[in-house]
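Note that this is a predicted model, so its numbers are computed, not measured. All chains are named by letter (A, B, ...) in the order of the sequence lines, taking the proteins before the strands, and each is independently numbered beginning at 1.
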Amino acid sequence: MDDTEKVGNSSCSDGVLLRMGLNDNKAGMQGLDKEKINKIIMEATKGSRFYENELKKDQQVNQRIEKMMQLKEKITTQQLLKAQLQVDKLVIELEQSRNLSSTIVHIDMDAFYAAVEMRDCPELKEKPVAVGSMSMLSTSNYHARRFGVRAAMPGFIAKKLCPHLTIVPLNFEKYGKVSKEVREILTEYDPNFMPMGLDEAYLNITEHLEERVRWPEDKRRFFFNTKNDTNMSAKSNEGGYSSPVLFEDNTPLMGNHPKQRDQSVENSVIFGTSAEEVVKEIRFRIEQKTQLTASAGIAPNVMLAKMCSDRNKPNGQCRISPERRAVLDFLRDLPIRKVPGIGKVTEKMLKALGIVTCSELYQQRALLSLLFSEASWRNFLDISLGLGSTHLEKDGERKSMSIERTFSEINTAEDQYSLCRELCRDLAQVLQKEGLKGKTVTLKLKNVNFEVKTRASTVLSSVSTEEEIFYVAKDLLGTEIDNIAPHPLRIRLMGVRVSGFLSEEEKKYHQKSIMSFLKSEKEIGFLRLQPGKSNEECFTKNSETSPRGSFFDKKRAARQLSRENLSPSETVGKQLFHDRKSSADFVKETKNVTELQNSNMSKIITCPVCFEEQSSNNLEELNRHIDDSCTEKFSQVISDKSHREKQLSNLSDIARNVCMKQCLFPKRISKDNEDHFEKTEHAEETSSCCSFEATEDSVLVCPVCNSKQKTTSLVSFNRHVDVCLNKGLIKELTEKKDFPSKTYNMENSNTVGEYAH
DNA sequence: CGGATCGAC
DNA sequence: CTATGTCGATCCG
C-alpha cells in the first residue's frame, strides 16, 4: 500500500511521536506543516497511557543502542581489519552471484481502501478521507495526508489534525472483490504471481517478456472503457493532484514505436514489448477495469522492485534497468528506511552509527559484521549491494494461526475466562476449516498500560477444537491471574495463537508410518525396539524403566492428563472459573470421571493423545485406542529427524556432509554414565531412524578443526563450526600473498564496491 | 521451548 | 472516550 509509506525520524530522543506526523507538505496546498502536525499530535497524546508506554519502549531501544555503542568502543583496528577482509571476500562471492536476468514487477494500488470508497461515493471525491474507525485508521487519501493523517493513526487524532476528515468504516468484502478483479489481470502476465495483501503483488514477467516479443499488435491492443471515461479522469486527479492524462509519468506512454500511435481505432491503445510497456499495459487495464490507479516498480529482483514502486507514486512507475551500475545508482542516496525489512528501530540503531543511506550501509559493512548478528549483517550486505531474490517463492505452509481482540478494560477473572473461551472457539473454527492442528498454544495479553505479554505452552499432541485449545489457554490465563493477585488483571487485549503444526512433509511421514504400522507387524521391524518382543511389551517395559523426559514418560503424563481431560465437554465447560485446581478439586474431577466411566451413560470421550472423540465408553477399548495413539505419537518422534535435517541445511557445505553422516550414524566416543536407556543401544544397531534419538548425547567432530565437540544441541555445534570456519577464513586471507592485491584501508575501504566515498 | 521484539500489510 | 489484527523471522536465555 502506498499509504504505508514509512515515516519517522526516530533519532532524536523525543522522536516517539514524530513517526506519526511527518509528511511532505506540498507548498501552497491546503494542509498543515510538519511542525503544526507534530504539535497537534503531541497535545492529543501526552499524558496518555499509550504515550507512557511509547516512552518506555523508546528507552529500551536507547539502551540497546547504548550497548551497541559500548561494544563498538571495544573493537580494535585489528578486529576491524580482519572483519573487513572476511566481509570483502564475501562481497566478491556475492558480486559473482549477482543475477540480473529476471524481470520482477511490484504492483501497488494507490491508497487502496480510500480509493475504493471514493470511487463508490462521489461525495467523497474532493474531501479528505480516511478508512477505519475513531480508534484506528487503515489508510487515508492523499488529500488527508496533507494534514498528517496516515495509516496506523487513531481516528480521533486524525480528526484533530483535520476536522473535516471523513472516516469511512472498513468494508473488506468490497476490497476483496476489487482485489480479485485486479488479480485476474495480473495472472495473465504471471500465473504464479504473488499477492501481498489485498493491494499489492509481485510478478515475475521474465517469461511473459520472452513470449511477448513475438506477439502481433492485436494481442497488445486494449480499448478505453468509454463508459467510465469521465469517471476515470476524475480519478487520476485524486486528492487534487494536478496529474495528468493517463500515463504522463516518467516516460511517455507511447514510446518510440511509430506503430503504437494507432489512429485506425480511435479508442484503443497498443502497448509495446518492453518491460515498461508491459507494466503500463497492466496499469492501464487495472484502471479501465476498476477505475483505480496503481503504481509499479520494475527491477531485477524483488527487493529492488518494491523500492522502485515507491519512487513515482501515486499513479506512476519506475524501472531499474538490469545493470549493476543502475542498481548501485538507485541505492546510493536511498535512505535505508525505504528498504523493506528496515523499520523504525533498525533505522535508529543504524543512525546511531552514522548510517542513513544505503551507500553508508555498504561503507560500514565491516563494523556491522562485528556489531550485528550474522543474519542481520548479511542482510545489510545484500541490501547495500542491491541483491535480492530473483524469483517469487510461493510461501510455504502456514506456521501459526491466531486471533486477538481489543476491548475496553476487562478486569474480572470471570469475564476474562469467558472471553478466552470465545477466542478459542473462533480460533478453532478457522483452524478446523484449514484442517490444522498445532501443539503449541500461546496466550497474549495487553494490560491497560499497553504492556504486552505472551505465555505459551506446548502439549504432547496437536490441538484444534475449542475445548482442546481452551484447556491449555485457560491454565495460561489462570497463571497470569494468580501471578498478579491480589490485584486484578486489567487487560485491554487478549489473543490466542496455535502453532507447531505438522509440516506437510511430517504429515506424509506420519501417514506412512501409520500405514505400515497397520499393514503388518513384520514390515515395521524398525519400530521394534527389542527383537523378539512385541511392541506392546517394549512400551510397557520402557515406560517403567526409562529415564525422565523420555517419550514413555510423556505417554504416562498424557494418561494422567487424560483423567482431567476425559471429562465430557459439558463438564469442561463448566469447570472453568477459578479452578486453579486445588488438589481437592482435582480429586473431585477424577472421581466424577471414574463414575462416569463406570456408569453406562453414553458420553463422548476424548482421547488424550490424538484428541479424537471416541464413541466407545468401554474402558478396555478406550485404553487400546490410547495405546495405539501413543504408538502413532512415537512414529512422530522418529519423524522429527526431518527437522534436524533442516537444521543441517544451515551449515556450510563442507560441514553439512560430515555432520549429516555423524548425525545419522553417531559414533559415541564418550558418554556420561547416566541416563542411557537400553533402547538407544539397540536402536543404534538396528536402525538409523531410531538412532536419531541417541544423537542428543553423542559426540560430533568439527569438520574444520577436527576437534571433538560434546554438543547438547546442533545449534551450539553449528556455532562452533561457524567460528572455526571464520578463523580459517581469516588465516587464509592473511596468509595468502596474492590475495587481495590491494591493501585494505580502514578509512576508505572501497576496494570492492563502487560507491564513491 | 518460551518470550520479547521487529517488521510488513 | 478513543492507539488494530495477523503473520513470519529472529534473538536471547
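In this structure, A/Glu404 atom CD and C/dT6 atom P are separated by 6 Å, rounded to whole Å. Between the NZ atom of A/Lys306 and the P atom of B/dA8 there is a distance of 8 Å, given to the nearest Å. Per the geometry, CZ belonging to A/Arg64 stands 7 Å off C1' belonging to B/dT5, to the nearest Å. Nucleotide B/dC9 holds its P atom 18 Å from the OH atom of A/Tyr175, rounded to whole Å. Remark: P of B/dA8 and CZ of A/Phe112 are 21 Å apart, rounded to the nearest angstrom.
The distance between the ring centers of A/Tyr202 and A/Phe193 does not fall below 6.0 angstrom.
Contacts between residues 128-135 of chain A and DNA chain C, defined by a heavy-atom separation under 4.0 Å, are made by A/Met134, A/Ser135.
A/Ser135 has its side chain out of reach of A/Phe156: every pair of non-hydrogen atoms, C-beta onward, lies at least 4.5 Å apart. Inter-residue side-chain proximity for A/Leu198 and A/Val182 is flagged as unmet; no heavy-atom pair is nearer than 4.5 Å.
Here A/Thr454 reaches the OP1 or OP2 of B/dA4: one of its side-chain N or O atoms lies under 4.0 Å away.
At a cut-off of 3.5 angstrom, counting only N and O atoms as typed in the model, there is no donor on one side facing an acceptor on the other between the side-chain of A/Thr406 and the base of C/dA3.
With a 6.0 Å radius and a threshold of 12 heavy atoms from other residues, nucleotides or ligands, A/Lys180 has its NZ atom at or below the threshold.
Of the two residues near DNA chain B, A/Thr458 and A/Val61, the one whose nearest nucleotide lies more 5' is A/Thr458. Closest-nucleotide positions on DNA chain B for A/Leu476 and A/Met196 were compared, and the one nearer the 5' end corresponds to A/Leu476.
Looking at heavy-atom distances under 4.0 Å, A/Ile403 makes contact with sugar-phosphate atoms alone, never a base.
Here the separation of C/dA3 from B/dA8, taken at their P atoms, is 24 Å to the nearest Å.
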